[in-house]
Participant: 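Shown below is the structure under consideration.
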Amino acid sequence: MVEATNFIEQIINEELESGKVNSVYTRFPPEPNGYLHIGHAKSLCINFGIKEKYNGKCNLFLDDTNPSKEKTEFVNAIKEDIKWLGFSWDKETYASDFFPKIYELAIELIKKGKAFVCDMNAEEISQNRGTLTQAGKESPWRNRSVEENLDLFTRMKNGEFADGEKCLRAKIDMASPNINMRDPVIYRILRQTHHRTGDEWCIYPMYDYAHPICDYMQGVTHSICTLEFEDHRPLYDWVGIELGFAPKPRQIEFARLNVTNLVMSKRYLKKLVEDGSVEGWDDPRMPTLTGLRNRGIPAQALKDFCGRIGVSKANSEVQISYFEACVREYLNANAERAMAVLNPLKVTITNYPENQTESLDFEINPSDELKRTRKIDFSKTIYIDQDDFSLAPPPKYFRLKKDGYVRLKSAYIIKCDDVLFNEDGSVKELLCSYVPESKSGSDTSGIKTKGVIQWVNAEKGKDVEIRQYGYLLNDEEYAGQDFSERMNKQSVKIFNGKVEPYVLDNADDRPYQLMRTGYFKLLNVKDKTILSEIVSLKDNFNVKK
RNA sequence: AGGGGUGUCGCCAAGCGGUAAGGCAACGGAUUUUGAUUCCGUCAUUCGUAGGUUCAAAUCCUGCCACCCCUGCCA
């Protein structure tokens with residue numbers, strides 16, 4: 001018996017112990033009507049997490065009962081995203097696989113007197129449903145004979161009626177305080193080409209009716225969904241009981257993931273893509289899995305995040321800082337280090353020989369057990385970041401100042417002797433001298449510097465566009481505003497900095513930590529290669545007061 | 001208003017009658033050739049609230065309050 005870490009596992013443990021079930025089968029059930037986002041990652045981790053933990057099974061179940069919204073493009077994207085997270089499903093199933101069975105069981109319900117064909121249109125049904133406090137009215141067609149219902153339902157299937165002209169309803173209780181139980185529609189007539197079954201069907205089952213059947217047919221033991229389906233559970237169970245499912249799958253609900261400042265509604269995300277506010281579903285600003293992947297978020301970090309936020313039934317909103325902490329933690333341990341200057345300031349080492357280049361060792365990652373290094377070139381002219389030099393340094397400023405010393409990361413200690421100015425008074429160039437015996441790794445100078453700054457060889461450095469992407473904002477400040485406007489508000493900052501060639505020349509697109517800057521990744525946006533920020537280094541730009 | 005849910009530190013979240021885990025954030029301090037990392041320390045006499053039961057309650061009972069979901073031929 002494994003130890004439960006949340007209430008769902010607790011339920012499973014109890015059922016395993018009591019012998020109600022002897023193995024666990026879950027399913028991840030997206031509707032292929034859009035791309036997966038960070039919220040789906042939570043569901044993915046729960047369902048596949050249970051499969052792994054209990055040595056059970058988990059299917060990828062595409063819930064495609066509404067052909068007007070679903071597309072093959074989306075199912076392919078969904079599969080890609082799940083693979084990226086490193087999960088593998090036992091079977092790939094579709095609600096549409098079960099259409100014949102679902103139809104057959106509808107006939108069984110009719111024969112049992114538990115379903116009837118209703119001639120009212122959608123508006124009439126809605127009007128007769130009653131309200132939250134008042135019971136609904138029974139349909140005048142509710143007591144048709146089994147024979148008539150069978151005949152009508154067959155003719156519905158055969159396309160003898162127009163869309164919406166008739167529907168099949170479960171016969172439950174129009175006075176139920178649970179509105180979902182007031183003779184819910186379970187089949188509608190809909191002439192829409194289905195992405196898999198084409199025009200084979202002109203009637204389609206509703207989610208509430210199809211889902212329990214699909215679960216049962218797949219051998220699912222635990223049907224995990226979000227909180228808004230709690231009210232549907234009695235109907236889920238009704239279908240299972242009337243159809244004699246044994247063992248009947250158990251529906252368990254959990255609170256969906258909300259993250260501060262993240263737009264998560266599929267509807268809005270779709271709108272952003274369609275009206276061109278973003279480059280696409282994979283735009284690095286999007287909270288979609290493909291967007292996060294494109295941005296450079298490691299799958300491991302996302303999974304770690306999902307595990308750490310836990311699972312409960314309390315509506316909650318997780319701070320984005322928690323997510324970023326998970327990303328930073330993973331990247332800190334795994335990302336290679338590189339140097340870059342975002343705002344270049346030329347530095348000439350006056351006492352360094354002209355035309356000399358020295359190859360120095362640079363640590364790839366301080367936590368690397370093998371202590372691997374790579375070579376970087378040092379020479380007379382370099383660039384440092386403008387922020388790393390101050391003419392009027394505040395207290396506790398550790399970096400370079402006039403007549404002060406600072407260490408160039410992995411190189412030498414330098415002293416700023418002179419400052420050259422532009423005509424407008426801004427700093428043009430620094431004239432520094434280096435301390436030859438302070439070479440990194442063999443420092444005998446005895447000079448201690450509190451500050452260490454990054455630098456780039458003037459010859460080797462390359463210009464690159466660097467963008468800092470924010471997330472789609474969804475806070476009060478933007479309430480009521482158009483989304484395209486929100487996009488502009490968090491618009492992209494562009495720097496033209498010198499970046500070490502190592503970063504650019506590296507063929508793969510792993511994220512890097514630019515020293516003292518943040519975690520970056522090489523991105524391709526609209527056929528343009530840029531360097532984009534994933535997360536910042538904590539407090540790295542702030543001089544403490 | 002009828003039904004279904006949920007309320008434990010700024011944010012997540014354990015806890016299931018025996019006297020409040022952990023993580024994120026924050027704040028001290030140490031180490032540091034990234035002001036990062038790492039490290040060590042601090043951070044709920046109190047569990048929405050008012051009563052009750054009990055030797056003992058976040059956990060059981062009752063009332064109240066707050067918030068979320070439900071009146072698609074969407075999922």
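In what follows, every chain begins at residue 1, and chains take the letters A, B, ... in the order their sequences are listed.
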Participant: In the 5'-to-3' direction, what one-character label does each nucleotide of nucleotides 66-75 of chain B receive under the scheme B = base within less than 4.0 Å of a protein heavy atom, S = sugar-phosphate only, - = no such atom?
Facilitator: --SBBBSBBB
Participant: For A66(B) and A56(B), measure between their P atoms and round to the nearest Å.
Facilitator: 32 Å
Participant: Using Watson-Crick or G-U wobble geometry with both distances below 3.5 Å, tell me the partner of C27(B), or none.
Facilitator: G41(B)
Participant: Tell me, please, which residues at least two apart from T5(A) pass side-chain hydrogen bond (donor to acceptor under 3.5 Å, both in side chains).
Facilitator: E9(A)
Participant: Searching all strands shown, indicate the nucleotide that pairs with U54(B) (Watson-Crick or G-U wobble; both distances under 3.5 Å).
Facilitator: none
Participant: Find which nucleotide of RNA chain B each of G310(A) and A325(A) is nearest to by heavy atoms, and output the residue with the more 5' nucleotide.
Facilitator: G310(A)
Participant: Select base, sugar-phosphate, or nothing to describe what K266(A) touches, counting heavy atoms under 4.0 Å on all strands.
Facilitator: nothing
Participant: Extract from the structure each pairing of a protein N or O with an N or O of nucleotides 16-18 of chain B at less than 3.5 Å, listing the distance.
Facilitator:
from: C16(B); atom 1: N4; to: Q10(A); atom 2: OE1; distance (Å): 3.2
from: C16(B); atom 1: N4; to: Q10(A); atom 2: NE2; distance (Å): 3.3

Participant: Roughly, in whole Å, what's the span from CZ in R399(A) to C1' in U33(B)?
Facilitator: 15 Å
Participant: Could you check which nucleotide pairs with C16(B) in any of the strands shown, counting Watson-Crick or G-U wobble with both distances under 3.5 Å?
Facilitator: none
Participant: What's S410(A) touching, base or sugar-phosphate or nothing? Going by heavy atoms closer than 4.0 Å.
Facilitator: base
Participant: Please report the distance separating the P of U31(B) from the corresponding atom of U49(B), rounded so that it comes out in whole Å.
Facilitator: 44 Å
Participant: Any idea which of A25(B), G35(B), C11(B) is nearest the Q319(A) side chain?
Facilitator: C11(B)
Participant: Using Watson-Crick or G-U wobble geometry with both distances below 3.5 Å, tell me the partner of C47(B), or none.
Facilitator: none
Participant: Considering every strand shown, what is the Watson-Crick or G-U wobble mate of A66(B) when both distances are under 3.5 Å?
Facilitator: U6(B)
Participant: Without decimals, in angstroms, what is the distance between E9(A) CD and G15(B) P?
Facilitator: 11 Å
Participant: Could you state the atom-to-atom distance from CZ of F7(A) to P of U59(B) in whole Å?
Facilitator: 20 Å
Participant: Taking the P atom in each of C9(B) and A14(B), what is the distance between them to the nearest angstrom?
Facilitator: 13 Å
Participant: What's the CG-C1' distance between L257(A) and C11(B), to the nearest Å?
Facilitator: 13 Å
Participant: Respond yes when some side-chain nitrogen or oxygen of S321(A) is under 4.0 Å from OP1 or OP2 of C24(B), and no when none is.
Facilitator: no
Participant: Taking syn as within 90° of 0 and anti otherwise, name the glycosidic form of G18(B).
Facilitator: anti
Participant: Using the side-chain heavy atoms of S440(A), tell me which of these nucleotides is nearest: G7(B), A36(B), U33(B).
Facilitator: U33(B)
